[in-house]
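Have a look at the structure below before the remarks.
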Amino acid sequence: GRIQLTAMQQQERMMHMSKKIQIKGVIFDLDGSLVDSMWMWHEIDREYLGRFGIVLPEKRYYEDVAVSLKVMLGAKNLYFTDAPLYIYRQRDTSITKNRDHKKMYDMVRNIEEQYRYFVVRGKYEQYKEEVEYFAILHTLLEIVPRMIEDDPKSVYVRKMCAYMKRRFPDYEKNPYLDKLSRRNRLYLKLISERKYTALQMIILGKTGLRNGLEKLGLFGLIQNYKKK
(Lines give C-alpha, C1' and ligand atoms only; values in the text may rest on other atoms or scores of the structure.)
Protein backbone atom coordinates (compact mmCIF):
# COMPACT_ATOMS: atom_id res chain seq x y z
CA GLY A 1 0.00 0.00 0.00
CA ARG A 2 0.91 3.66 -0.22
CA ILE A 3 3.09 4.95 2.60
CA GLN A 4 1.71 8.10 4.24
CA LEU A 5 4.44 10.54 5.27
CA THR A 6 3.94 13.15 7.95
CA ALA A 7 4.59 16.81 7.11
CA MET A 8 7.90 16.63 9.00
CA GLN A 9 8.98 13.54 7.11
CA GLN A 10 8.06 15.17 3.79
CA GLN A 11 10.19 18.19 4.67
CA GLU A 12 13.15 16.00 5.69
CA ARG A 13 12.79 13.98 2.47
CA MET A 14 12.83 17.15 0.36
CA MET A 15 15.94 18.39 2.15
CA HIS A 16 17.64 15.03 1.57
CA MET A 17 16.75 15.10 -2.13
CA SER A 18 17.99 18.68 -2.51
CA LYS A 19 21.49 17.55 -1.53
CA LYS A 20 21.59 15.22 -4.54
CA ILE A 21 20.23 17.75 -7.03
CA GLN A 22 22.24 20.61 -8.50
CA ILE A 23 20.00 23.57 -7.71
CA LYS A 24 20.32 26.54 -10.08
CA GLY A 25 17.61 28.72 -8.57
CA VAL A 26 15.00 28.82 -5.89
CA ILE A 27 11.60 30.52 -5.80
CA PHE A 28 10.52 31.43 -2.27
CA ASP A 29 6.76 31.28 -2.11
CA LEU A 30 6.55 32.67 1.41
CA ASP A 31 2.95 33.82 1.30
CA GLY A 32 1.52 30.76 -0.45
CA SER A 33 0.71 32.61 -3.69
CA LEU A 34 1.90 29.77 -5.91
CA VAL A 35 1.28 26.78 -3.67
CA ASP A 36 -0.82 26.58 -0.53
CA SER A 37 1.96 25.40 1.76
CA MET A 38 0.84 27.06 4.99
CA TRP A 39 -0.84 23.90 6.25
CA MET A 40 2.43 22.00 5.93
CA TRP A 41 4.37 24.44 8.11
CA HIS A 42 1.67 24.34 10.74
CA GLU A 43 1.84 20.54 10.81
CA ILE A 44 5.65 20.62 10.91
CA ASP A 45 5.53 22.94 13.93
CA ARG A 46 3.04 20.69 15.66
CA GLU A 47 4.94 17.48 14.95
CA TYR A 48 8.38 18.88 15.81
CA LEU A 49 7.28 20.51 19.07
CA GLY A 50 5.39 17.36 19.98
CA ARG A 51 8.70 15.49 20.09
CA PHE A 52 9.58 17.62 23.13
CA GLY A 53 6.20 17.38 24.80
CA ILE A 54 5.13 20.88 23.71
CA VAL A 55 1.57 21.15 22.44
CA LEU A 56 0.66 23.90 19.97
CA PRO A 57 -2.78 25.29 20.94
CA GLU A 58 -5.71 24.72 18.58
CA LYS A 59 -8.05 27.45 17.33
CA ARG A 60 -6.42 30.21 19.34
CA TYR A 61 -5.01 33.58 18.34
CA TYR A 62 -1.28 34.25 18.85
CA GLU A 63 -0.68 30.55 19.57
CA ASP A 64 3.07 30.97 19.01
CA VAL A 65 3.21 33.08 22.18
CA ALA A 66 2.00 30.04 24.14
CA VAL A 67 5.09 28.02 23.17
CA SER A 68 7.91 30.56 22.65
CA LEU A 69 9.37 30.47 26.15
CA LYS A 70 8.77 26.72 26.43
CA VAL A 71 10.98 26.20 23.37
CA MET A 72 13.66 28.52 24.79
CA LEU A 73 13.60 26.70 28.12
CA GLY A 74 14.31 23.39 26.40
CA ALA A 75 16.89 24.69 23.92
CA LYS A 76 20.56 23.80 24.34
CA ASN A 77 21.73 27.01 22.68
CA LEU A 78 20.10 30.33 21.80
CA TYR A 79 21.36 32.68 19.12
CA PHE A 80 20.23 36.27 18.65
CA THR A 81 20.62 38.63 15.73
CA ASP A 82 19.38 42.12 14.85
CA ALA A 83 19.28 41.22 11.15
CA PRO A 84 15.79 41.44 9.58
CA LEU A 85 15.29 37.82 8.52
CA TYR A 86 11.50 37.61 8.66
CA ILE A 87 9.29 39.04 5.92
CA TYR A 88 5.68 39.56 6.94
CA ARG A 89 3.13 40.43 4.29
CA GLN A 90 0.65 43.00 5.58
CA ARG A 91 -2.97 42.35 4.66
CA ASP A 92 -6.25 43.72 5.93
CA THR A 93 -7.01 40.24 7.26
CA SER A 94 -3.63 39.84 9.01
CA ILE A 95 -3.83 38.71 12.62
CA THR A 96 -1.88 41.80 13.68
CA LYS A 97 -4.73 43.94 12.30
CA ASN A 98 -7.42 41.96 14.07
CA ARG A 99 -9.75 44.23 16.01
CA ASP A 100 -11.96 41.63 17.65
CA HIS A 101 -11.21 42.30 21.32
CA LYS A 102 -12.57 38.95 22.45
CA LYS A 103 -10.15 37.13 20.15
CA MET A 104 -7.32 39.46 21.14
CA TYR A 105 -7.92 38.42 24.74
CA ASP A 106 -6.57 34.99 23.75
CA MET A 107 -3.18 36.51 24.58
CA VAL A 108 -4.01 36.15 28.28
CA ARG A 109 -4.64 32.42 27.82
CA ASN A 110 -1.25 32.08 26.13
CA ILE A 111 0.59 34.02 28.83
CA GLU A 112 -1.13 32.04 31.58
CA GLU A 113 -0.17 28.79 29.86
CA GLN A 114 3.49 29.85 29.74
CA TYR A 115 3.39 30.90 33.39
CA ARG A 116 1.93 27.56 34.54
CA TYR A 117 4.43 25.64 32.41
CA PHE A 118 7.33 27.26 34.29
CA VAL A 119 5.65 26.85 37.69
CA VAL A 120 4.92 23.13 37.20
CA ARG A 121 8.54 22.48 36.21
CA GLY A 122 9.93 24.43 39.15
CA LYS A 123 11.55 27.01 36.89
CA TYR A 124 9.43 30.05 37.57
CA GLU A 125 11.47 31.56 40.41
CA GLN A 126 14.61 31.17 38.34
CA TYR A 127 13.12 32.93 35.32
CA LYS A 128 10.46 35.07 37.02
CA GLU A 129 11.73 38.38 35.61
CA GLU A 130 11.95 37.00 32.06
CA VAL A 131 8.48 35.43 32.11
CA GLU A 132 7.04 38.62 33.58
CA TYR A 133 8.73 40.87 31.03
CA PHE A 134 7.54 38.59 28.22
CA ALA A 135 3.99 39.01 29.52
CA ILE A 136 4.32 42.80 29.74
CA LEU A 137 5.50 43.06 26.14
CA HIS A 138 2.73 40.90 24.71
CA THR A 139 -0.20 42.18 26.76
CA LEU A 140 0.30 45.73 28.03
CA LEU A 141 2.52 46.93 25.20
CA GLU A 142 1.11 44.99 22.25
CA ILE A 143 -2.55 44.09 22.71
CA VAL A 144 -3.80 46.68 25.20
CA PRO A 145 -2.71 49.74 23.13
CA ARG A 146 -4.45 48.30 20.06
CA MET A 147 -7.63 47.81 22.07
CA ILE A 148 -7.40 51.30 23.51
CA GLU A 149 -6.94 52.76 20.04
CA ASP A 150 -10.36 51.31 19.17
CA ASP A 151 -12.16 51.85 22.45
CA PRO A 152 -10.52 52.95 25.73
CA LYS A 153 -13.65 51.78 27.57
CA SER A 154 -13.46 48.22 26.24
CA VAL A 155 -14.16 45.66 28.93
CA TYR A 156 -11.26 43.59 27.61
CA VAL A 157 -8.81 46.40 28.32
CA ARG A 158 -9.82 46.32 31.97
CA LYS A 159 -9.80 42.52 32.06
CA MET A 160 -6.32 42.21 30.55
CA CYS A 161 -4.86 44.90 32.83
CA ALA A 162 -6.52 43.27 35.85
CA TYR A 163 -5.07 39.90 34.90
CA MET A 164 -1.54 41.33 34.67
CA LYS A 165 -1.86 43.05 38.04
CA ARG A 166 -3.21 39.87 39.64
CA ARG A 167 -0.70 37.46 38.09
CA PHE A 168 2.33 39.76 38.23
CA PRO A 169 1.56 42.25 41.05
CA ASP A 170 5.04 43.80 41.03
CA TYR A 171 5.55 43.98 37.26
CA GLU A 172 6.22 47.74 37.44
CA LYS A 173 9.48 46.92 39.26
CA ASN A 174 10.73 44.54 36.57
CA PRO A 175 14.40 45.39 35.83
CA TYR A 176 13.96 44.82 32.10
CA LEU A 177 11.64 47.83 31.87
CA ASP A 178 14.77 50.00 31.70
CA LYS A 179 15.30 48.59 28.21
CA LEU A 180 12.00 49.98 26.93
CA SER A 181 11.85 52.93 24.57
CA ARG A 182 10.58 56.28 25.88
CA ARG A 183 7.32 55.72 24.03
CA ASN A 184 6.71 52.33 25.61
CA ARG A 185 7.60 53.64 29.06
CA LEU A 186 5.00 56.37 28.58
CA TYR A 187 2.43 53.84 27.36
CA LEU A 188 3.05 51.64 30.39
CA LYS A 189 2.80 54.58 32.78
CA LEU A 190 -0.55 55.71 31.35
CA ILE A 191 -1.90 52.14 31.37
CA SER A 192 -0.84 51.55 34.98
CA GLU A 193 -2.56 54.85 35.92
CA ARG A 194 -5.65 53.83 33.91
CA LYS A 195 -5.45 56.94 31.73
CA TYR A 196 -6.74 55.06 28.73
CA THR A 197 -8.37 58.02 26.96
CA ALA A 198 -5.15 60.02 27.18
CA LEU A 199 -3.26 57.11 25.68
CA GLN A 200 -5.80 56.79 22.88
CA MET A 201 -5.26 60.46 21.96
CA ILE A 202 -1.50 59.93 21.84
CA ILE A 203 -1.85 56.83 19.66
CA LEU A 204 -4.24 58.48 17.24
CA GLY A 205 -2.11 61.62 16.99
CA LYS A 206 -3.32 65.10 16.12
CA THR A 207 -6.70 64.04 14.75
CA GLY A 208 -7.25 61.78 17.71
CA LEU A 209 -6.26 64.61 20.07
CA ARG A 210 -8.85 66.95 18.59
CA ASN A 211 -11.56 64.29 18.65
CA GLY A 212 -10.66 63.38 22.20
CA LEU A 213 -10.74 66.99 23.38
CA GLU A 214 -14.09 67.49 21.66
CA LYS A 215 -15.49 64.47 23.49
CA LEU A 216 -14.29 65.98 26.76
CA GLY A 217 -15.75 69.37 25.80
CA LEU A 218 -12.33 71.02 25.95
CA PHE A 219 -11.55 71.74 22.30
CA GLY A 220 -13.87 74.80 22.09
CA LEU A 221 -12.46 76.22 25.30
CA ILE A 222 -8.90 75.93 23.98
CA GLN A 223 -9.86 77.59 20.68
CA ASN A 224 -11.54 80.48 22.51
CA TYR A 225 -8.50 80.89 24.71
CA LYS A 226 -6.25 81.11 21.65
CA LYS A 227 -8.47 83.85 20.12
CA LYS A 228 -8.13 85.92 23.27
Side-chain angles (χ1 to χ4, degrees), residues 6-8 41-82 86 95-96 98 100-148 154-181 183-194 196 199:
T6 64
M8 193 68 182
W41 291 109
H42 185 73
E43 289 302 316
I44 288 174
D45 290 342
R46 185 177 307 285
E47 186 177 336
Y48 180 76
L49 293 174
R51 295 180 181 181
F52 303 95
I54 298 175
V55 180
L56 195 64
E58 288 276 5
K59 298 180 180 180
R60 190 189 302 177
Y61 271 57
Y62 322 110
E63 73 279 3
D64 55 320
V65 174
V67 300
S68 298
L69 292 184
K70 299 176 186 177
V71 172
M72 291 185 184
L73 183 64
K76 294 181 180 179
N77 297 291
L78 295 174
Y79 298 91
F80 298 89
T81 178
D82 292 327
Y86 191 87
I95 191 171
T96 55
N98 168 54
D100 185 325
H101 291 193
K102 184 176 181 180
K103 291 179 179 178
M104 294 166 77
Y105 193 73
D106 276 356
M107 185 63 79
V108 167
R109 295 174 62 191
N110 295 326
I111 294 299
E112 180 67 12
E113 191 172 302
Q114 295 258 40
Y115 166 80
R116 291 182 181 278
Y117 186 88
F118 275 72
V119 169
V120 169
R121 284 156 182 77
K123 296 290 184 178
Y124 181 68
E125 289 305 318
Q126 181 180 354
Y127 296 105
K128 178 180 181 297
E129 293 173 351
E130 288 76 14
V131 173
E132 186 177 75
Y133 184 59
F134 185 84
I136 292 170
L137 292 178
H138 287 283
T139 56
L140 301 181
L141 292 177
E142 179 185 347
I143 300 300
V144 169
R146 285 165 53 195
M147 289 181 176
I148 288 175
S154 170
V155 64
Y156 290 100
V157 169
R158 298 196 300 272
K159 287 179 65 175
M160 188 168 286
C161 291
Y163 164 79
M164 284 296 294
K165 196 62 181 177
R166 182 175 66 255
R167 176 56 71 208
F168 309 103
D170 299 317
Y171 75 79
E172 293 175 51
K173 299 178 182 179
N174 190 291
Y176 288 105
L177 296 184
D178 292 337
K179 298 180 179 293
L180 294 176
S181 64
R183 186 197 70 172
N184 279 341
R185 286 200 296 271
L186 173 61
Y187 280 21
L188 200 58
K189 176 177 173 61
L190 292 175
I191 289 170
S192 63
E193 294 176 358
R194 299 182 182 180
Y196 305 142
L199 178 54

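If you read the sequence from its start, that first residue is 1, and numbering goes on from there.
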Next item on the list: Working to the nearest 0.5 Å, report the span between CD of Glu142 and CE of Met104.
Entry: 8.0 Å
Notebook entry, point to check: Which value, rounded to the nearest 0.5 Å, describes the distance between Ile136 atom CD1 and Phe168 atom CZ?
Noted result: 8.0 Å
Check: Is there side-chain contact between Leu137 and Tyr176, with heavy atoms separated by less than 4.5 Å?
Finding: no
Margin query: Checking Tyr196 against Ser154 for the side chain to side chain contact (heavy atoms under 4.5 Å, CB included) test, could you report, in this order, the C-alpha distance in whole Å, the side-chain angles of both residues, the deciding distance, and whether it holds?
Written below: CA-CA 10 Å; Tyr196 305 142; Ser154 170; over 6 Å; no
Notebook entry, point to check: Is the closest side-chain heavy-atom distance between Tyr62 and His138 below 4.5 Å?
Noted result: no
Next item on the list: For residues Tyr48 and Phe52, report the shortest heavy-atom separation together with the two atoms involved.
Entry: O-CD1, 3.3 Å
Item checked: Heavy-atom donor-acceptor pair, Asp106 side chain to Glu63 backbone, under 3.5 Å -> no
Notebook entry, point to check: Can a salt bridge be assigned to the pair Arg116 and Glu112 using a cut-off of 4.0 Å between side-chain N and carboxylate O?
Noted result: yes
Check: So, do Val144 and Leu199 sit near enough that their side-chain heavy atoms are less than 4.5 Å apart?
Finding: no
Checklist line | Spacing of OG1 belonging to Thr139 relative to CE belonging to Met164, to within rounding of 0.5 Å | finding: 3.5 Å
Next item on the list: Kindly indicate whether the side chain of Tyr61, heavy atoms from C-beta on, has any atom under 4.5 Å from the side chain of Asn110.
Entry: no
Next item on the list: Could you check whether the rings of Tyr156 and Tyr105 sit parallel, tilted or perpendicular, using 30° and 60° as the cut-offs?
Entry: tilted
Margin query: Surrounding CZ of Arg194 (heavy atoms of other residues, nucleotides or ligands, distance under 6.0 Å), is the total greater than 12?
Written below: no
Margin query: Distance check, rounded to the nearest 0.5 Å: His101 atom NE2 versus Lys159 atom NZ?
Written below: 13.0 Å
Next item on the list: Report yes if the side chains of Tyr117 and Leu69 come closer than 4.5 Å at any heavy-atom pair, otherwise no.
Entry: no
Checklist line | Contact check, side chains of Arg158 and Met147, non-hydrogen atoms, under 4.5 Å | finding: no
Notebook entry, point to check: Atom NZ in Lys189, atom CZ in Arg185: separation rounded to 0.5 Å?
Noted result: 12.0 Å
Next item on the list: Show your reasoning for whether side chain to side chain contact (heavy atoms under 4.5 Å, CB included) applies to Ile191 and Val157.
Entry: CA-CA 9 Å; Ile191 289 170; Val157 169; over 6 Å; no
Check: So, is the end of the Arg183 side chain (NZ or CZ) under 6.0 Å from the ring centre of Tyr187 and within 45° of the ring's axis?
Finding: yes
Next item on the list: Would you indicate whether the side-chain heavy atoms of Leu180 and Tyr133 approach each other to under 4.5 Å?
Entry: yes
Checklist line | Interatomic spacing from OH in Tyr127 to CE in Met72 - rounded to 0.5 Å | finding: 12.0 Å
Item checked: More than 12 heavy atoms from other groups under 6.0 Å of NZ on Lys123 -> no
Margin query: For Gln114 versus Lys70, what's the shortest heavy-atom pair and its separation?
Written below: OE1-N, 3.3 Å
Check: If you count the non-hydrogen atoms of other residues, nucleotides and ligands that lie under 6.0 Å from OH in Tyr124, is the total more than 12?
Finding: yes
Next item on the list: Please report the closest heavy-atom contact between Val131 and Tyr115, naming both atoms and the distance.
Entry: CG1-CA, 4.4 Å
